[in-house]
Amino acid sequence: MIVTDSAKATPPHSASRQTLDSAVVRFSGDSGDGMQITGGQFTLATAVAQNNLSTFPDYPAEIRAPTGTTFGVSAFQINFGSRVIKTAGDEFDVLVAMNPAALKVELSGLKVGGILIVDNGSFQERNLHRAGYAADPLKDDSLKAYRVIEMDISSLTQDAVRDFGLSKKEALRCKNFWTLGYVYWMFDRDRQATIDWLKTKFASRPDIADANVAALNAGHALAETMETADGLQSYTVPHAPNIDPGLYRTVTGAEAMAWGLAVGAKLAALRLVFCSYPITPASPVLHTLSKMVEHDIVTFQAEDEIAAVCAAIGASTAGGLGVTSSSGPGISLKAEAIGLAVSAERPLVVINTQRAGPSTGLPTKTEQSDLLQALYGRNGECPVVVIAARSPSDCFDMAIEACHIATKYQTPVMVLSDGYVSNASEPWLIPDVDTLEPFPIDLHEEGPCFDPSIRDAVTLARPWAIPGTPCLEHRIGGLEKSFETGDISYDPANHQKMTDVRAAKVGGVVRDIPDQWVEAGKDSGPLVVVGWGSTFGPISRAVSNLLDEGLFVSHVHVRYLWPLPANLGDLLSGYDRILVPEMNSGQFIKLLRDQYLVDAKGLNKVTGQPFKIRELEDAIRAHLEAVQ
């Protein structure tokens, strides 16, 4: 074990724990090193410690990239503290690098003076070469800007689990928990929740459970007794103040989306039929719902994307609530069938968990590049409602909202999430669903005979009749229908009318969406930052920081993307300049310019990574200077 720093070494416990209001820790290693499990358990312990938190799992797309390569690095980042936490953080206070490749990929994110924990047992010549190092960075001056803790974690882990009869391969799989124990001591985290998890996870292999517990305790014990440099002792992060009473848990966006769909179907008094084809990063919604069959939920893993969406439409036609999910490539395949739901005027909820790039692209990286696809990506004049979740917990609310709109207006609704929102987690106050307002739908399940062309005077929705019910026979399908009778029609004037009616029906949803509000700042001024989706966290923190400095900036975050809120145009007209940050090449800005003829400016990023707070602060400052 080696500890390096410009400061002199001090005996154990010579300094008390330093109190921090927040900290950012990033665990990184090979994709087989268990970094996602490590981060997940640190998140659990942090939630038990009653800290606010936000996480960012960041892992490769390959099922198993070659060991020691930079493109096989898996990382998990957590920002936690006693203050309000809205992002996973910018620069890291602590970086754990389990091999040279992890150090190579992640070092640029570690703040100057930050703590670097390195497994020097993995810094062998072969691993250094695979990571692209010409020389060992632990033996030159390349790390002098950081406080470095070198330990042979691999060897220390094998020593800790020697009595459990594991193979060398099994023993080395415990080194993530050894490292976790070390970091637990650094931040005064309780190990018991992780110990309980291990015993449950490996109930059928108690030797594995006990070995990991031993590794966890060994890492904690070494951190507690080691001699370390000044400033590398340990830290305390106080409880978050002013927490509303109630039952909390950490929740990912995928979990919240699944639960919101389940609740939305119950509020509509319908059976949820979730039809999906596995695709990264959308699959966890299917995984979550498949475990909820006791709630009268049907999940169907189809053979392809087209089958999945068609099955969902069939479920809605039969009187259930059909839902399908995918990411951008799968949404492309579903496009024609979504048009069928528009033409047949049946409710359909489509979850689009966006990812980076065209085609296969970067499946595990995040982007907001499917907005134009959601708005316009279908043949013909084919309008759908488009809404977007802005955080993991907001996925719950927007899923319910999608169920409500789809059933009330008998139309498809697309909910935009993305890889960052879906995989990230945050504390969530579990709501009392019994207090939520139901919105049951009147299904025409029996006679007398009815005219399928009759529409609701307000919503323009046609009656929802179950096929096969006597006296309720009617024609459905993708061919154009007569406005008057519901029969197939090729009349030009009728097609114009039906096109207008479908657009008016979706446009009329604006009656059910709230007026746009200002998240922070004033409702007029020199600059407003307008965002949507997962940019909420970094924009919110950046604007809040600059408001604290006395700068004049506001934040507006749009959750309803089509139709747009009725007052949005008037609201934006009150600002001298509009800045629109997006993780794409400028898609929402096109919509704002088209609808309101505003000279909005874009801040665009397509790196597969979320915005940094400082990136937004720099851009806001530059635009404020331009206004002056």
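Side chains included, hydrogens not; waters and symmetry mates left out as well; all remaining heavy atoms used. The chain is numbered in sequence order, starting from 1. These numbers come from a predicted model, not from an experiment.
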>> Before you tell me yes or no, could you show the steps for Lys104 and Thr70 under side-chain hydrogen bond (donor to acceptor under 3.5 Å, both in side chains), namely the whole-Å CA-CA distance, both residues' side-chain angles and the distance that decides it to 0.1 Å?
In response: CA-CA 7 Å; Lys104 184 84 169 182; Thr70 54; over 6 Å; no
> Any luck finding a side-chain donor-acceptor pair between Asp93 and Tyr235 under 3.5 Å?
Replying inline: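 On atom types as modelled, these side chains do not qualify, holding no pair under 3.5 Å.
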>> When you compare the side chains of Asn127 and Ser122, does any donor N or O come within less than 3.5 Å of an acceptor on the partner?
In response: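 On atom types as modelled, these side chains do not qualify, holding no pair under 3.5 Å.
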>> Applying the side-chain contact (heavy atoms from CB on, under 4.5 Å) criterion to Ser425, which one of Leu53, Leu44, Ile78 satisfies it?
In response: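 Single pass found, and it is Leu53.
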How about [X] and [Y]: do any of their side-chain heavy atoms sit closer than 4.5 Å?
X: Glu617; Y: Glu549; value: no
X: Gln41; Y: Phe177; value: yes
X: Leu362; Y: Arg355; value: no
X: Thr236; Y: Leu20; value: no
X: Ser234; Y: Trp185; value: yes
X: Gln77; Y: Asp58; value: no
X: Phe611; Y: Thr87; value: no
X: Phe27; Y: Met98; value: no

Has [X] got a side-chain atom pairing as donor or acceptor with [Y]'s backbone, closer than 3.5 angstrom?
X: Gln36; Y: Ala75; value: yes
X: Glu91; Y: Leu110; value: no
X: Gln50; Y: His239; value: no
X: Arg541; Y: Val84; value: yes
X: Arg614; Y: Lys612; value: no
X: Asp119; Y: Ile153; value: yes
X: Asp136; Y: Leu138; value: yes
X: Asn604; Y: Asn584; value: yes
X: Asn352; Y: Leu416; value: no
X: Thr364; Y: Tyr59; value: yes

Measuring from atom [atom1] of [X] to atom [atom2] of [Y], what distance do you get when rounded to the nearest 0.5 angstrom?
X: Trp517; Y: His555; atom1: CH2; atom2: NE2; answer: 10.5 Å
X: Lys175; Y: Asp152; atom1: NZ; atom2: CG; answer: 9.5 Å
X: Ser422; Y: Glu255; atom1: OG; atom2: CD; answer: 9.5 Å
X: Leu143; Y: Leu107; atom1: CG; atom2: CG; answer: 6.0 Å
X: Leu95; Y: Ser28; atom1: CG; atom2: OG; answer: 4.5 Å
X: Lys365; Y: Thr280; atom1: NZ; atom2: OG1; answer: 12.0 Å

>> Checking side-chain hydrogen bond (donor to acceptor under 3.5 Å, both in side chains) between Thr38 and each of Thr179, Asn176, Thr43, Thr194, which is the one that passes?
In response: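 When side-chain hydrogen bond (donor to acceptor under 3.5 Å, both in side chains) is applied between Thr38 and each of Thr179, Asn176, Thr43, Thr194, only Asn176 qualifies.
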>> As a test of understanding, state which of Glu615, Glu367, Glu582 forms a salt bridge (Lys or Arg N to Asp or Glu O under 4.0 Å) with Lys605.
In response: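 With Lys605 as partner, Glu615, Glu367, Glu582 yield a single salt bridge (Lys or Arg N to Asp or Glu O under 4.0 Å), made by Glu615.
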> Nearest heavy-atom pair of Ala520 and Leu547: which atoms, and what distance?
Replying inline: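 Closest approach of Ala520 to Leu547, heavy atoms only: CB-CD1, 3.9 Å.
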> Between Phe123 and Tyr133, does the ring centre distance come in under 6.0 Å?
Replying inline: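 No, too far apart.
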> Taking the six-membered ring for Trp, are the ring centroids of Phe42 and Phe76 within less than 6.0 Å of each other?
Replying inline: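 Ring-ring flag for Phe42/Phe76: false, centres at least 6.0 Å apart.
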> Stepwise, does the side-chain hydrogen bond (donor to acceptor under 3.5 Å, both in side chains) test hold for Glu519 with Ser540?
Replying inline: CA-CA 8 Å; Glu519 300 286 345; Ser540 180; over 6 Å; no
> Salt-bridged, Lys199 to Asp196, with N to O below 4.0 Å?
Replying inline: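 So Lys199 does not pair with Asp196 through a salt bridge.
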> Can Thr46 and Asn51 be said to form a side-chain hydrogen bond (donor to acceptor under 3.5 Å, both in side chains), step by step?
Replying inline: CA-CA 6 Å; Thr46 298; Asn51 291 145; 5.3 Å; no
> Does Glu125 CD have over 12 foreign heavy atoms under 6.0 Å away?
Replying inline: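 Check fails, neighbour count at 12 or below.
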